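Since the model is a prediction, treat every value here as computed from it, not as a measurement. The residues of the chain are indexed from 1 along the displayed sequence.
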Amino acid sequence: MSGIEGLLHGLSVAITPQALLFALIGTVVGTLIGVLPGIGPALTIALLLPMTYGMEPELAFIMFAGIYYGAMYGGSTTSILLKTPGESGSVITAIDGNKMARKGRGAAALATAAIGSFVAGTIATVLLAFFAPWMVSVAVKLGAPDYFALMVVAFLSVSALVGSSPLRGMISMGLGLAIGLVGIDFQSGQQRLAFGQVALLDGIDTVVLIVALFAMGEVLYVAAHQVSSHFDLLALGKGAKWMSRQDWSRSWRPWLRGTAVGFPLGVIPAGGSEIPTFLSYAMERRLSAHKEEFGEGAIEGVAGPEAANNANAAGTLVPLLALGIPTSATAAVILVAFQQYGIQPGPQLLESQAALVWGLIASLIIANVILLLLNLPLVGIWVKILEIPKPYLFAGIMTFALLGTYAVNGSTFDVVVLLVLGMVGYLMRRFGFPITPMIVGAILGPLAEVQLRRALDIAGGDVSTLVSTPFTIVVYLTLVAALVGGYLLRRRADSEVHATVPEEDLVDEAGTRRP
């Protein structure tokens with residue numbers, strides 16, 4: 001099925017009254033939770049996974065699409081009004097966006113972020129519809145060594161390029177791979193890292209792991225390091241509630257350029273959304289006729305990175321749907337959602353689950369439209385949530401996490417695992433270890449093990465089979481180029497940002513330096 005045919009088929013699935021209702025629910029819930037600092041789309045979907053048990057898969061994933069984009073929209077509100085990014089991709093948005101808000105132009109900053117997200121998300125979703133079938137046509141010809149090579153790319157790109165320290169990223173990835181080994185070995189039947197606990201024979205539930213590292217770790221970190229009981233919220237200002245003509249003329253080119261930067265770096269594992277957003281910021285500063293405003297409230301510094309962030313999010317769905325390989329925390333959670341329904345993303349997915357996949361892709365466009373209509377006039381309502389004292393908000397998040405974890409399997413042991421891993425998540429954040437590599441390692445590790453064993457079994461144990469095809473050689477050479485190029489691009493963008501932005505704008509309330 002071609003991209004146009006698939007998108008039309010998906011729209012026929014996504015515009016039914018029931019599907020539109022679930023899209024609306026997803027966008028509203030995603031925005032509500034996404035407004036909370038530190039709660040990104042990955043955690044939002046993980047927290048709400050138990051709610052979808054028993055639902056039709058098509059409707060569940062349409063709701064997930066709304067949650068996905070809704071949480072990202074909500075995160076821009078937090079970044080601009082609180083200067084507290086929920087995830088690394090929003091760090092750059094927070095810098096100039098918050099300066100605009102402090103000058104009474106918060107409404108214009110939120111508007112350019114919302115419209116830029118809509119433009120980038122819509123264009124990137126259309127590109128997703130065209131790229132995914134093409135990638136599937138390549139993927140069906142791949143063997144076990146080829147898939148293992150792609151997973152190695154995902155492991156190294158996520159661990160080496162996420163965060164400020166490649167070593168810490170690799171350690172985080174190693175912890176995730178170790179967690180993925182817990183349980184019974186599918187080939188030999190031997191127990192691995194179960195320590196005599198019967199409850200661990202089936203492994204650690206990935207939903208429990210995600211909620212623990214994101215929700216519990218975040219709550220513990222906030223409780224330990226932030227003394228204020230209220231958010232330092234900025235008012236939207238009494239000026240114009242909309243963008244001026246000059247704002248429009250300065251924003252539309254950054255929206256398009258941000259899309260052009262963000263989407264390909266989502267398709268190619270490049271280490272998360274912070275790289276395209278930093279690159280977009282550096283590009284806009286270089287091309288702008290108002291260079292002196294960067295770091296002091298330049299609207300291009302909000303428009304470009306926000307568009308790059310949303311385009312990157314759509315791009316990460318290409319390798320997920322076509323190859324079954326997650327390259328971000330949110331993609332990893334969506335993979336878990338697929339597995340919850342007994343569905344494994346990969347080359348056969350577009351044929352075997354056409355209604356589900358194309359409905360999901362089409363619902364991303366619908367979610368974008370709903371969010372644009374909701375966020376511009378109702379942003380003041382979302383901001384009201386931030387007037388709730390922090391202890392109440394985060395206590396509610398912890399309660400929801402505990403109840404949701406118990407609902408997954410009805411097991412008190414899972415709650416104990418949640419608390420233990422939550423402490424691990426706190427320590428990782430406290431000492432600057434990125435969470436995403438651990439999540440990707442735990443989810444993708446068992447799949448990589450299957451492909452590795454399959455390749456070695458076919459080759460009679462000959463390790464050279466892992467680099468025996470032209471595809472694997474190209475992939476590994478591309479990996480080396482991506483690691484070196486990604487490192488250089490990060491250094492270049494980071495240096496340009498630091499040349500413009502004061503150091504205090506890259507440090508959060510607790511004194512921890514942002515990525």
Side-chain angles (χ1 to χ4, degrees), residues 38-47 49 86-89 150-183 192-194 200 203-221 269-275 316 319-320 324-337 339 401 405 408 414 416-449 483 486 512 514-515:
I39 310 299
L43 174 57
T44 306
I45 295 176
L47 284 174
L49 266 178
E87 53 183 353
S88 57
L150 289 171
M151 292 179 184
V152 170
V153 169
F155 288 143
L156 292 181
S157 61
V158 169
S159 60
L161 296 177
V162 169
S164 57
S165 170
L167 177 60
R168 290 176 179 175
M170 295 295 290
I171 293 174
S172 177
M173 176 65 68
L175 290 173
L177 292 173
I179 289 175
L181 292 175
V182 175
R192 300 189 300 191
L193 302 179
L200 288 177
I204 295 176
D205 193 290
T206 48
V207 176
V208 176
L209 173 67
I210 293 166
V211 174
L213 293 180
F214 282 111
M216 301 300 290
E218 177 71 20
V219 168
L220 293 174
Y221 183 83
S273 59
E274 64 268 24
I275 290 180
T316 59
L320 174 67
I325 297 177
T327 56
S328 69
T330 306
V333 177
I334 293 176
L335 175 61
V336 172
Q339 293 171 343
T405 299
V408 171
D414 282 349
V416 175
V417 172
L418 176 81
L419 296 175
V420 173
L421 291 176
M423 182 58 67
V424 172
Y426 162 74
L427 293 174
M428 290 180 69
R429 175 163 181 182
R430 172 64 181 83
F431 294 104
F433 287 83
I435 298 296
T436 299
M438 187 172 178
I439 298 293
V440 172
I443 294 173
L444 202 57
L447 301 177
E449 181 186 11
L483 291 176
T512 302
R514 294 192 176 112

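- Under the side-chain contact (heavy atoms from CB on, under 4.5 Å) criterion, Leu177 pairs with Phe155, Met173, sequence neighbours left out.
- Looking at heavy atoms from C-beta onward, Arg430 lies out of side-chain contact with Leu220 at the 4.5 angstrom threshold.
- Every residue meeting the side-chain contact (heavy atoms from CB on, under 4.5 Å) condition with Ile171, not counting sequence neighbours, appears here in chain and number order: Leu167, Phe433.
- Separation of atoms CG (Leu150) and CG (Leu444) is listed at 10.0 Å; rounding is to 0.5 Å.
- Met151 is listed as a side-chain neighbour of Ile325, based on a closest heavy-atom distance under 4.5 Å.
- Counting heavy atoms from C-beta on, the side chains of Leu421 and Met216 never come closer than 4.5 Å.
- The minimum heavy-atom distance linking Ile204 with Leu200 is given by the pair CG1-CD2, 4.0 Å.
- The distance from atom CD1 of Ile439 to atom CD1 of Ile210, rounded to the nearest 0.5 Å, is 5.0 Å.
- When all heavy atoms of Pro446 and Gly441 are compared, the pair lying nearest together is CD-O, 4.3 Å.
- The closest side-chain heavy-atom distance from Pro326 to Ile334 is not below 4.5 Å.
- For the pair Ile179/Val424, no side-chain contact is recorded, criterion being any heavy-atom separation below 4.5 Å from C-beta on.
- The side-chain contact (heavy atoms from CB on, under 4.5 Å) check on Val152 picks up Phe148, Leu156, Tyr476, Leu479, with sequence neighbours excluded.
- In plain terms, the two heavy atoms of Met428 and Ser172 that are nearest each other are CE-OG, 3.3 Å.
- Within the model, atoms CE of Met438 and CG of Leu209 stand 5.5 Å from one another, a figure rounded to the nearest 0.5 Å.
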